[in-house]
Amino acid sequence: MSNKKKRLANRRKQYKGSSASVQPTIVKVSAVKRPPLQQWWVDNKRIVKPLLTVAVIALIVILLIVGIISIFI
């Protein structure tokens with residue numbers, strides 16, 4: 001019985017926070033005037049780089065297969 005009373009008493013305590021205050025985040029923004037193609041590259045770089053890597057690897061594999069086939073023919 002005493003445990004139940006103790007638990008209820010602990011739940012009713014007010015929070016006395018001693019956590020550190022949150023520092024504001026600083027965002028630095030700089031404006032750059034770029035040509036349209038360069039701006040497109042900056043915007044889409046994250047998507048295009050893996051696609052280009054896969055395309056180059058596929059091209060190398062195709063060239064190797066064609067080379068091996070041409071040796072036997």
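Residue indices begin at 1 and follow the sequence shown.
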(request) Treat each ILVMFWY residue as a node, draw an edge where side-chain heavy atoms are under 4.5 Å apart, and state whether Leu52 and Trp40 are in one component. (result) yes
(message) Using the side chain to side chain contact (heavy atoms under 4.5 Å, CB included) definition, which of the options Leu64, Ile62, Ile57 pairs with Ile60?
(response) Leu64
(request) Go through the steps for Val27 and Val29 under the test side chain to side chain contact (heavy atoms under 4.5 Å, CB included), then give the verdict. (result) CA-CA 6 Å; Val27 178; Val29 178; 4.0 Å; yes
(message) I need the Asp43 CG to Arg34 CZ distance, nearest 0.5 Å.
(response) 8.0 Å
(message) If hydrophobic clusters are built by linking Ile, Leu, Val, Met, Phe, Trp and Tyr wherever their side-chain heavy atoms come under 4.5 Å apart, do Val61 and Ile69 end up in the same one?
(response) yes
(message) Could you measure the distance from the CD1 atom of Ile65 to the OG atom of Ser70? Nearest 0.5 Å is fine.
(response) 12.0 Å
